[in-house]
Amino acid sequence: MGTPSPRVVLVLAAALAGLSAPRAAYGQPNFIVILADDVGWGDLGANWAETKETPHLDELAAEGTRFVDFHSAASTCSPSRASLLTGRLGARNGVTHNFAVTSVGGLPLNETTLAEVLREAGYSTGAIGKWHLGHHSRHHPSFRGFDYYFGIPYSHDMGCSDTPGYNLPPCPPCPWHGAATRVARKDCYTEVALPLFENLAIVQQPVNLSSLAARYAEEAARFIRQASDSGHPFFLYLALAHMHVPLGVPPPPPASGRGIYGASLSEMDALVGRIKQVADSHGKGNTLLWFAGDNGPWAQKCELAGRLGPFVGAWQRQRGGSSAKQTTWEGGHRVPALAYWPGRIPAKRTSRALLSTLDVFPTLVALAGAALPPNRRFDGVDVSPVLFGWSDVGHKVLLHPNSGAAGKDGEIEALRLAQYKAFYTTGGAMACDGSIGPAEHHQPPLIFNLDRDIQEQEPLDVASREYQAVLPAISRAYAQALEDIATDNVSVADYSKDPAVTPCCNAQHVACRCQAPGTHAAALDHGTERRAVRLCL
């Protein structure tokens, strides 16, 4: 290629200097990471014209950058969240499937979280919302780098409530009397109420789901204000309950078209809009807000699940079963994603770079001027050049682990190489109609060209020139990835269970209630009551 001219060198040096300008010129920025639960790529109006319930998110997209080829690191809750907070796939960090109400363990303690790195770099750190990375002992977020925690320890349908919201099948409210706990409902938790934590204390059990979104907004705003007043940069991790299954939102007007799900989506949108407003009023221009989903929609919930957009996994649908959450089809892991940082991240921009929630960790660490933890490898990369509009090149290879469908939990069952997507295992996830696609192992792999077939409808013919041309590169990338993981410092999560570790503020009351029958539960919602309930960790 020859030696580059001095002018080219100067231009390149100026560009590279510009990449570090936001940190150097403005000090350590604030970070707000908002993670939505089970949200579909098509649930964002900026992505899918049929969606009308997200004006605030659409405004965020217009004032920032929208990523249309952005992926969750896994297709179910715990592995996805562990990867975001470590920058490592579950095959490395040990979190390969969801933790339970009775789980003894959580994200392995030898894994370093993003909050721990940023706190060491001088940040105030807060986590608000769903945790789902272990609640017992030192797995609790208060021991994982967060100065402040307010939220629920796992999904909001993993415990009963007096305001159970919506689910398929519908779940009953918490019992008030012992005999009622003997009534079993498939997929419903009736023995123990869902707890709400503030730091290590359970402050409400059962949670009032109807007011949970408002409480999250209130606590997030308070954290931002207090952190801003302290003079320290802050990191807020806001893990929403939406859109797992709808909370107790008011029934929508008949003309809305999307029913209860649409009303819940509007509630989430308003919450994000509120956080943006508060962030803008406390340091606009020095706060990066990054919104993404933890995985795709929960298809078996039917009308209570989100929109896939064009990513329907048609090949799988033809054979039965889901092509969304839990699967390695695009609908399982391609999620809406937005980044907003006035004056730093270009507005009205759409990026087609191949990115992942894995990239949040190394990118924020770099922007904070901190260093990655040693003695381990990362699957995420620093994508600040893409954020700032200097580049639109992301991952060349992206790995997709099994997340509860066919295959072993956490194993790499699909691989993306440029526009090509290879599947080694398919099937095993339930669709709305109750069908579960047959588990199929593919050797050689199914390969789709996503540039021509975004619906993943027709795999390349094994005998075609295109298949034969790309297969060697895919096979090399797959083998290299497995070798890299096998030779890494790999953690192992403790998935053992013990009913004794179930969060319970008062074991003497049915469903672990914090208040006796007749107590006005709304008191805590209005801030007039703070229960400092000791939790045995």
Side-chain angles (χ1 to χ4, degrees), residues 17-36 44-46 54-67 70 114-115 118-119 121-129 147-148 213-214 216-240 268-292 336-351 359-360 363-370 382-390:
L19 291 180
S20 61
R23 182 177 71 243
Y26 299 93
Q28 291 176 306
N30 305 313
F31 303 126
I32 301 175
V33 175
I34 301 179
L35 191 68
L44 184 66
T54 59
H56 296 97
L57 283 165
D58 297 343
E59 178 183 286
L60 201 64
E63 296 179 5
T65 293
R66 179 172 63 104
F67 303 99
F70 191 97
L114 177 57
L118 293 179
R119 186 163 68 176
Y123 277 71
S124 297
T125 56
I128 293 174
D147 300 319
Y148 178 72
Y216 283 174
E218 173 190 330
E219 295 300 330
R222 187 174 65 84
F223 175 83
I224 292 170
R225 286 194 299 267
Q226 291 184 352
S228 299
D229 292 344
S230 74
H232 295 286
F234 67 82
F235 165 51
L236 173 61
Y237 170 52
L238 177 57
L240 304 178
M268 181 190 79
D269 179 73
L271 194 162
V272 175
R274 169 66 175 149
I275 300 307
K276 175 181 178 291
Q277 179 187 44
V278 174
D280 282 347
S281 66
H282 290 81
K284 184 174 184 177
N286 197 38
T287 299
L288 164 60
L289 192 159
W290 203 331
F291 172 90
L338 308 167
Y340 167 77
W341 188 356
R344 312 291 176 265
I345 290 177
K348 297 182 174 63
R349 176 171 174 257
T350 297
S351 169
D359 304 327
V360 173
T363 302
L364 299 195
V365 168
L367 290 173
D382 175 9
V383 297
S384 52
V386 179
L387 292 185
F388 300 144
W390 293 99

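Nothing fancy with the numbering, it's 1 onward along the sequence.
Here the shortest heavy-atom pairing between Ala220 and Leu236 reads CB-CD2, 4.0 Å. Contact record, Ala239 with Tyr216: O-CE1, 4.4 Å, taken as the closest heavy-atom pair. The two atoms that bring Arg344 and Gly285 nearest to each other are NH2-O, 3.5 Å, heavy atoms only. Taking both residues in full, the closest heavy atoms of Pro346 and Thr65 are given as O-OG1, 2.9 Å, listed atom of the first, atom of the second, then distance.
Applying the side chain to side chain donor-acceptor pair (under 3.5 Å) rule to His56 yields the partners Asp269; only residues at least two apart in sequence or on another chain are considered. A search for side chain to side chain donor-acceptor pair (under 3.5 Å) contacts involving Thr287 returns Asn30, not counting sequence neighbours. Looking at residues two or more places apart in sequence or on another chain, you find a side-chain contact (heavy atoms from CB on, under 4.5 Å) between Arg119 and Thr125, Asp147. Partners of Ala121 by side-chain contact (heavy atoms from CB on, under 4.5 Å), not counting sequence neighbours, listed by chain and number: Gln28, Tyr123, Ala370. Residues meeting the side chain to side chain donor-acceptor pair (under 3.5 Å) test with Ser351, sequence neighbours left out: Asp392. Considering only residues two or more places apart in sequence or on other chains, Ala46 meets the side-chain contact (heavy atoms from CB on, under 4.5 Å) condition with Leu44, Asp58, Ala61, Arg66.
Residues Leu238 and Leu271 are in side-chain contact: their nearest non-hydrogen atoms beyond the backbone lie under 4.5 Å apart. Looking at heavy atoms from C-beta onward, Phe31 lies out of side-chain contact with Leu114 at the 4.5 angstrom threshold. Trp341 places none of its side-chain heavy atoms less than 4.5 Å from the side chain of Trp290.
How far NZ of Lys284 is from NZ of Lys276: 6.0 Å, rounded to the nearest 0.5 Å. Summarising the geometry, atom CD1 belonging to Ile128 is positioned 6.0 Å from atom CD belonging to Glu219; distances are rounded to the nearest 0.5 Å. In this structure, the separation between CD1 on Ile34 and CG on Leu240 is 6.5 Å, given to the nearest 0.5 Å. The distance from the CZ atom of Arg225 to the OG atom of Ser230 is 13.5 Å, given to the nearest 0.5 Å. Atoms CG and CD1, on Leu60 and Ile275 in that order, are 12.0 Å from each other to the nearest 0.5 Å.
Between the side chain of Ser124 and the backbone N or O of Phe234 there is no donor-acceptor pair closer than 3.5 Å.
Sorted by first and then second residue, the salt bridge (Lys or Arg N to Asp or Glu O under 4.0 Å) pairs with a member in residues 227-239 form an empty list; sequence neighbours excluded.
Ring geometry for Phe235 against Tyr237 counts as parallel: the plane angle stays under 30°, on a 0 to 90° scale with 60° as the upper cut. Between Phe223 and Tyr148, the ring-plane angle classifies as parallel under the 30° and 60° cut-offs.
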Inset, instruction - Could you walk me through whether Leu387 and Phe67 pass the side chain to side chain contact (heavy atoms under 4.5 Å, CB included) test, one step at a time? - result: CA-CA 10 Å; Leu387 292 185; Phe67 303 99; 3.5 Å; yes

